[in-house]
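Working notes, beginning with the structure itself.
Just so it is clear, the model here is predicted, and its values are computed rather than measured. Below, chains carry the letters A, B, ... as their sequence lines are ordered, and counting in each starts from 1.
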Protein chains: 2
Amino acid sequence: MSCESETRKRFSALSDTDRAHWLDAAEAEFCVHGFEKASFNRILVAAKESKGRTYHYFSGKDEMFRATLERRAALAGAIDETAALNAGDEAGFWTEVARICESLTAAFLADAAFADLIRILHREAAARRSFAVPLNALERRTGALVRAGQSLGAVRDDLPLGLLVTVTLDLAVSIDRWFADNTDKVPEAEAAVLSSRAFGLLAAPLLPHSEFPV
Amino acid sequence: MSCESETRKRFSALSDTDRAHWLDAAEAEFCVHGFEKASFNRILVAAKESKGRTYHYFSGKDEMFRATLERRAALAGAIDETAALNAGDEAGFWTEVARICESLTAAFLADAAFADLIRILHREAAARRSFAVPLNALERRTGALVRAGQSLGAVRDDLPLGLLVTVTLDLAVSIDRWFADNTDKVPEAEAAVLSSRAFGLLAAPLLPHSEFPV
DNA sequence: CATCGGTTTAGACTGCCGGTCTAAATCTGT
DNA sequence: ACAGATTTAGACCGGCAGTCTAAACCGATG
């Protein structure tokens, strides 16, 4: 008796094209409707698959969303924070963090569907639940990064680590969402400089001595 | 032909106790289940009202959520930012902003149901839609505050106003949520100082010259 | 008091949802 | 060829938000 989900194993045993059969339909549905409002029924109709067969390979909507995102997430595995973790001084640390932000924005711009799914993931609690494991990993990695910064004196340590991590990740999402919602209002020429300046905002709450300047 | 919703007028013509009949049930349901997963049917059963009568006073789930929140929101009308808007210098501005944060945290601590509803409002897009008008007002007021800060040199103005507003509001929500989720992990003695220090984070991204310190 | 028009009310009903279940079809090993 | 397990189709379930019909109620007018 494996305690790992049967459906997941069965699904990953399928060929790439078979998997794509569902995942393409699912991705289209999720990108348009988000997680909660996406219809599992519509997905399987679009994929021309029966309910029985579909539930044979997916335990439910959660797992289908997870699989959909996971296919795209291979891309994001490219993120590599070791340089930042091993930075020798404050300036080097922030340079590497900036580099990570740049490669993330690049990944989002290069793959709109991936960016959409990630945004859904953050916005909808139900979606977040279905991707809990990778999200926890992300928090752990961010936590390690923050601690590395703290040991260099680059990051404040007068607040709980968890709070700093949460705030940083939420801030990143907030900035990303603003640009996603306002592409039209940002002149293309300024977009790059604005966006890098904006991601500089990520550092602000982490710097030592950033209290209300009273 | 009024273009204002009939149901809303009918509902507001009811007595306080009649309104409470639905709103108490609705508040309980929404606080437990959030917006999407709350069941309109369960609410009307709990309120011992028929479907016909309920739909006579509410156009749907959206409006019921709006009404539920609005009843509590009377409390929040107390927030008054004129002092900050009229501050004479940078220090005065930030002092007043800090005061606003304090009175907000106090309001949240004093009224758990209100805090829950506000958190739902921010988390679920569907809920946000039903409360769009007051939310836009909040954004406008925050925008005015940011501009006031800019005119005093207290706030950077090298980024779009809308971005600064979004980031600030999201950051506030993020901090609030962390404390709501981690009350148990924060020693009571430190809670107050931590929380005020944390809300100091709000100012950080707004300060001039807060780029990546490369 | 009777009756008539509009308003209010109860609750049956619709279409869709995510998910379960049964029974047939299809594989696999002998 | 056939038995047993796996895979598949799609009917079915309870619950959802929201609609609709027909009865009950109510106030004005004869």
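The interatomic distance linking A/L44 (CG) with D/dG10 (P) rounds to 11 Å, in whole Å.
Partners of A/F131 by ring pair (Phe, Tyr, Trp, His ring centres under 6.0 Å), not counting sequence neighbours: none found. Every residue meeting the ring pair (Phe, Tyr, Trp, His ring centres under 6.0 Å) condition with B/Y57, not counting sequence neighbours, appears here in chain and number order: B/W22. Under the rule for a salt bridge (Lys or Arg N to Asp or Glu O under 4.0 Å), A/R177 has no partner lying at least two apart in sequence or in another chain. Annotation: ring pair (Phe, Tyr, Trp, His ring centres under 6.0 Å) contacts of B/F108 (sequence neighbours excluded): B/F114. Take A/F65 and apply the ring pair (Phe, Tyr, Trp, His ring centres under 6.0 Å) test, not counting sequence neighbours, and it matches A/F30, A/F35.
We find that B/D24 and B/R71 are joined by a salt bridge, their nearest charged nitrogen and carboxylate oxygen being less than 4.0 Å apart.
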Listing, residues 180-194 of chain A side-chain donor-acceptor contacts under 3.5 Å, not counting sequence neighbours, or none:
unit_1 : atom_1 : unit_2 : atom_2 : d
A/N182 : OD1    : A/K185 : NZ     : 3.1
A/N182 : ND2    : A/W178 : O      : 2.7

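Residues from residues 12-33 of chain A that place a heavy atom under 4.0 Å from any atom of DNA chain C: there are none.
Within the structure, salt bridge (Lys or Arg N to Asp or Glu O under 4.0 Å) pairs that include any residue of residues 38-60 of chain A comprise A/E29-A/R42, A/E49-A/R53 (at least two apart or interchain).
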Exercise for the section: Heavy atoms under 4.0 Å is the rule here; annotate nucleotides 6-19 of chain C 5' to 3' with B where the base is hit, S where only the sugar-phosphate is, and - elsewhere. Expected result: --SBBBB----SBB
